[in-house]
Amino acid sequence: MTETGDTVWIVEHAKGLGFDLCGVVRAEKFPELENTPDWLERGYAGEMKYLLDPRRSDPRAAMPAVRSVIVCLLNYNTEHALSTDATFVPQDGEPRGWVSRYAWGDDYHNVLGERLDALVALLRGRFLEPFEALAYADTGPVQERVLAKYAGLGWLGKNTLLLNQTLGSYFFLGVILTALDLEPTLGAGELPPADLCGSCRRCLDACPTQAFVEPYVMDARKCISYLTIELRGSIPEELREPMGNHVFGCDICQDVCPWNRRAPVSPIAQFQPRALPSAKDASETPSSAQDNSLFLPRLERLLTLRGADFAELFRGSPLKRAKWRGLVRNACIAAGNSNIQRGSGGYARVCDSLKRLAACSDSIVAESAHWALSRIQ
Ligand code: SF4
Ligand code: SF4
């Protein structure tokens with residue numbers, strides 16, 4: 001085994017690269033990893049076939065030579081308002097969608113991945129014997145949250161996310177699986193951080209689709225994040241209205257969490273909301289930066305996205321995962337939930353856009369647009 005000083009050195013250098021926290025854990029099959037098959041058997045993973053990968057149940061299956069896992073945490077929070085605070089919504093009558101906080105800026109796979117690769121390069125400079133190392137920025141068959149818990153970075157909350165007493169939960173987790181035998185952050189006999197959820201159940205009660213089967217267990221098929229990002233077909237009818245104005249992901253069970261009340265803000269500029277340029281043939285002129293960014297994007301702008309422009313517009317953004325069909329489908333559902341009033345700003349344009357989509361050749365988008373029109377006309 002390497003020295004304790006090596007782990008301290010790794011943690012310090014991870015922080016030097018911009019990570020907020022870092023811990024080391026021995027690669028083992030932790031108790032929470034054993035619950036995965038049962039969760040899968042109940043069908044809670046929906047269409048997310050990658051979750052069926054059996055390697056996710058044990059880090060040693062992901063990399064046979066692994067001895068230790070370095071877990072790094074990167075805060076993505078910005079100073080912008082929460083989805084649960086309606087007071088900041090512009091009163092211009094234009095319906096707006098909600099994009100999840102983590103997706104406002106540059107694609108975290110890149111921001112996180114670059115830093116993990118830099119840490120691996122530093123390790124190779126310190127440990128001169130060749131060793132295997134695999135860096136995963138939410139890209140590998142591992143359960144980062146569980147490894148993070150046992151690396152001492154937090155507890156798994158009733159909303160199923162990793163919570164940290166100081167940082168809350170607005171952060172990404174990246175891991176480095178390594179054949180190096182490193183001293184774990186938690187000493188022998190030392191327990192991971194205690195569960196501080198206590199009697200709180202705000203996240204469970206606030207979830208608009210009742211996706212939590214019980215505390216600590218989520219049926220992902222009902223989660224708005226799954227519905228808006230992972231589901232390729234139509235949004236189930238009974239979940240459309242509870243989706244509200246969400247067009248990509250959902251933050252509600254984090255935004256209501258008391259541990260996020262004082263969550264610090266990240267200095268990383270790449271997490272600030274990206275601009276969403278007006279359509280090339282747009283007749284209207286956005287009046288402020290808020291009118292054309294991924295923080296509360298105008299639904300009308302999303303309804304007028306052209307398939308041909310989508311890849312360019314969302315290059316390097318997490319939103320590209322939803323693809324044109326998914327994002328426009330979601331915008332239709334959000335428009336149907338918008339309560340936009342006849343005669344208000346944008347009403348005619350939203351209806352015109354929905355009518356055009358209702359006639360388009362994509363059956364899922366067309367049906368979603370029909371549904372929206374039936375609600376607002
Ligand atoms: S992300 Fe939203 S829909 Fe999903 S569990 Fe949390 S509150 Fe519910
Ligand atoms: S809202 Fe309450 S119960 Fe839910 S994760 Fe936060 S502290 Fe735990």
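Both counts, for ligands and for their atoms, begin at 1 and track the order of listing.
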* To do: Using a strict cut-off of less than 4.0 Å between a Lys/Arg side-chain nitrogen and an Asp/Glu carboxylate oxygen, indicate whether Glu12 and Lys15 qualify as a salt bridge.
  => no
* Is the shortest side-chain N to carboxylate O distance from Asp58 to Lys29 below 4.0 Å? -> no
* **Pairing of Arg67 and Glu183 as salt bridge, 4.0 angstrom limit** => no
* Should Tyr226 be listed as contacting ligand 1, given a heavy-atom distance under 4.0 Å as the test? -> no
* To do: Take Glu47 and Arg232, measure what salt bridge (charged side-chain N to carboxylate O under 4.0 Å, His left out) needs, and give me the verdict at the end.
  => CA-CA 9 Å; Glu47 292 179 5; Arg232 296 295 170 212; over 6 Å; no
* **Cys257 near atom 6 (Fe) of ligand 2 via N/O/S, less than 2.8 Å** => yes
* Structure fact -> So for Gln254 against ligand 1, with non-hydrogen atoms under 4.0 Å, the contacting part is neither
* With the threshold set at 4.0 Å, does a side-chain nitrogen-carboxylate oxygen contact exist between Arg42 and Asp38? -> yes
* To do: With heavy atoms of Trp259 as the reference, note each atom of ligand 2 found under 4.0 Å away.
  => 7 (S)
* Between Leu196 and ligand 2, which residue portion shows a heavy-atom distance shorter than 4.0 Å: side chain, backbone, both, or neither? -> neither
* Is Pro277 close to Leu313 at the side-chain level, that is, under 4.5 Å between some pair of heavy atoms? -> yes
* Structure fact -> of all protein heavy atoms, closest to atom 8 (Fe) of ligand 2 is Cys197 SG, 2.3 Å
* Structure fact -> One finds that the ligand 2 atoms under 4.0 Å from a non-hydrogen atom of Cys200 are 1 (S), 2 (Fe), 3 (S), 7 (S)
* Select the closest option to atom 1 (S) of ligand 2 among Cys203, Cys207, Pro215, judged by heavy-atom distance. => Cys203
